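Read the numbers this way: they start at 1 and go in the same order the structure lists the ligands and their atoms. Start at 1 with the first residue, then count along the sequence. Only a predicted model underlies this, so the values are computations on that prediction, with no experimental measurement involved.
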Amino acid sequence: METIRLTTNESDIRRAGEIIRSGGLVAFPTETVYGLGADALNAGAVSSVYRAKGRPSDNPMIVHIAYVAALGDLIKGGLDSLGGDARRLIGELWPGPLTLIFPKADAVPDVTTGGLDTVAVRMPSNATARALIREAERPVAAPSANLSGRPSPTTAMDVLEDMDGRIDAVIMGGMCDVGIESTVLDMTGEVPVILRPGMLSKEYLSDILGKDVLYDASLLEIPGETADPAMGTADTLFRPKSPGMKYKHYSPKADVIVIRGSSERFRSRAKELGLEAMKDGRRAAVIDYGDDPDKAAHRFFADLRELDRQGYDLILIRSMEQKGKGFGVMNRILKSAGYDVE
Ligand code: TXA
Ligand code: MG
C-alpha cells in the first residue's frame, strides 16, 4: 500500500479522521512519541495495527481521547465510577503524558485491551493529536508507531523508516517534545501503581495525590542487581503487569553499553572501550546527556535511530540518577542496552 504523507493543516487532518473512521491506520504526532492510530472501537482496525507493527496481540493499546466526557464510554460504570485520586490526576495532568488504567466498559473490544478486563486511556496535549481525535469522532487506539521492538519514533521520518508501505497515512508533524512514552498508572486498586515510568515521575504523582504511589515490582528487577526496598513496590498486591513491559524493547542495531559514574570516569572508560572496538573494526559513538533528564528523554530515541543510520556498531552512554524523571529515562536506556551496565 502507498502511505500518504499528510500535513498538519485542517483539511489534511479531516482526511486523516476519515481514514480512521473507515477502519484505516494513521500515524500522528503526540507530545510523547508518534502514535499509530486506529478506531479503538473497531476490532478489525485494531487487529490491523498489531499486524502493521508485528506486535504480539496480547499487548494492549492505549486509547486516546480529546475530552474527559469520552472517558465515560470506555470505563465500567462511566464517569461516576471515578475515585478521588483519578479525578485529581485527570484535573491536574490531562491533557498530558499520563495514561490511566481502569476497568473497561463492554463497548471496548477485547482486541483493544489484549484480552484484559481493564483499559488504558490517555488524553494527549499535542494540538495535532487532539484535532485528529476530534475529526475521527471516536476514541483512537494508538501504540507507538514503530515496528515492535524498535525504538519509539519521535519524528515523522522515524515513523516512515519503519512503517512506509505498511499503513494508510502519516501526519508529518514536528519532533515530539517529551520524547519518551507516557507514564502508565494502574488506578484499579487502593494505591496507584506505576506500570511504565515516564516523565511524570513517582515523586511528582505522589505530591499531587498527597499519598504514596508505588512502582510495579517488575520495574525494580534489574537483572544482576537487587532492588532497593526503599523505592516502594507493589509486589505484595496481585496485579497483572503491563504486558508491554515484558517484550524486548527499544533496540537499535548497534550494541549499547551503559557506563556509570562521573563524567570523567565515563570519558576515560568510553575512550578505552571505543579504542578496543576500533581494533576489531567497529565504530563506537558516545552519548552523555549530563544530568539533564528532559534533554535525555527528548533526544534518546532519535539519537539511537540516527546512530543506526550512520552505521555505528557500538553506543556508549552515560547513566544518570534513577530518581524522579531520571527513573523513566533510565528505564529506556537500560532496556536498549539489554541491561549491559558497567
Ligand atoms: O506516550 C504513549 O503512551 C504513546 C503515545 C502514542 O500515546 N503510546 C504508547 O503505546 O507508548 P504503546 O502501545 O507503545 O505502549 C502501551 C503500554 C504497553 O506497555 C502496554 O502493555 C500498556 O501500555 N497497557 C496498555 N493497556 C494496558 C492495560 N489495560 N493494563 C496494563 N498495561 C496496559
Ligand atoms: Mg511502544
- Give the atoms of ligand 1, by number and element, whose distance to some non-hydrogen atom of Ser182 is under 4.0 Å. 1 (O), 2 (C), 3 (O)
- Message: Looking at ligand 1, would Pro97 count as a contact under a 4.0 Å heavy-atom criterion?
- Response: no
- Atoms in ligand 1 with a heavy atom of Ile101 nearer than 4.0 Å: 27 (C), 28 (C), 30 (N), 31 (C), 32 (N), 33 (C)
- Heavy-atom distances under 4.0 Å are what count here, so tell me which part of Asp186 touches ligand 1: side chain, backbone, both or neither. neither
- Please check if the side chain of His64 supplies one atom and the backbone of Gly37 the other of a donor-acceptor pair under 3.5 Å. no
- Item | Lys/Arg-Asp/Glu bridge criterion (N-O < 4.0 Å) met for Arg260, Glu342 | no
- Task: Under 4.0 Å from a heavy atom of Ala120: give me the atoms of ligand 1 that qualify, with their elements.
- Result: 25 (C), 26 (N), 27 (C)
- Message: Show me which atoms of ligand 1 lie under 4.0 Å from any heavy atom of Leu116.
- Response: 28 (C), 29 (N), 30 (N)
- Does the side chain of Asp288 pick up a donor-acceptor pair with the side chain of Ser263 at under 3.5 Å? yes
- Check whether any N, O or S atom of Ser144 sits under 2.8 Å from the Mg ion (ligand 2). yes
- Task: May I ask you to check if Lys202 and Phe327 form a cation-pi contact, with NZ or CZ under 6.0 angstrom from the six-membered ring centre and within 45° of the axis?
- Result: no
- Item | Exceeds 12 heavy-atom contacts within 6.0 angstrom, atom CD of Glu2 | no
- Message: Using a 4.0 Å heavy-atom cut-off, which part of Ala142 comes near ligand 1: side chain, backbone, both, or neither?
- Response: backbone
- Any Lys/Arg nitrogen of Arg21 or Asp39 sitting under 4.0 Å from an Asp/Glu carboxylate oxygen of the other? no
- Go through ligand 1 atom by atom and flag the ones less than 4.0 Å from a non-hydrogen atom of Gly35. 6 (C)
- Between the side chain of Ser251 and the main-chain N/O of Ser336, is any donor-acceptor distance below 3.5 Å? no
- Message: Has Ser182 got a side-chain atom pairing as donor or acceptor with Val184's backbone, closer than 3.5 angstrom?
- Response: no
- Message: Do the side chains of Arg283 and Asp313 get close enough for a salt bridge, i.e. N-O under 4.0 angstrom?
- Response: no
- Looking only at non-hydrogen atoms, the one of Met61, His64, Glu181, Arg55 nearest atom 13 (O) of ligand 1 is Arg55
- Please work out whether any backbone atom (N, CA, C, O) or any side-chain heavy atom from C-beta onward of Thr118 is under 4.0 Å from ligand 1, and answer side chain, backbone, both or neither. both
- Query: Which bit of Thr113 gets closer than 4.0 Å to ligand 1, counting heavy atoms only: side chain, backbone, both or neither?
  - Reply: neither
- Query: Does the N or O separation between Asn59 and ligand 1 drop below 3.5 Å for any pair?
  - Reply: yes
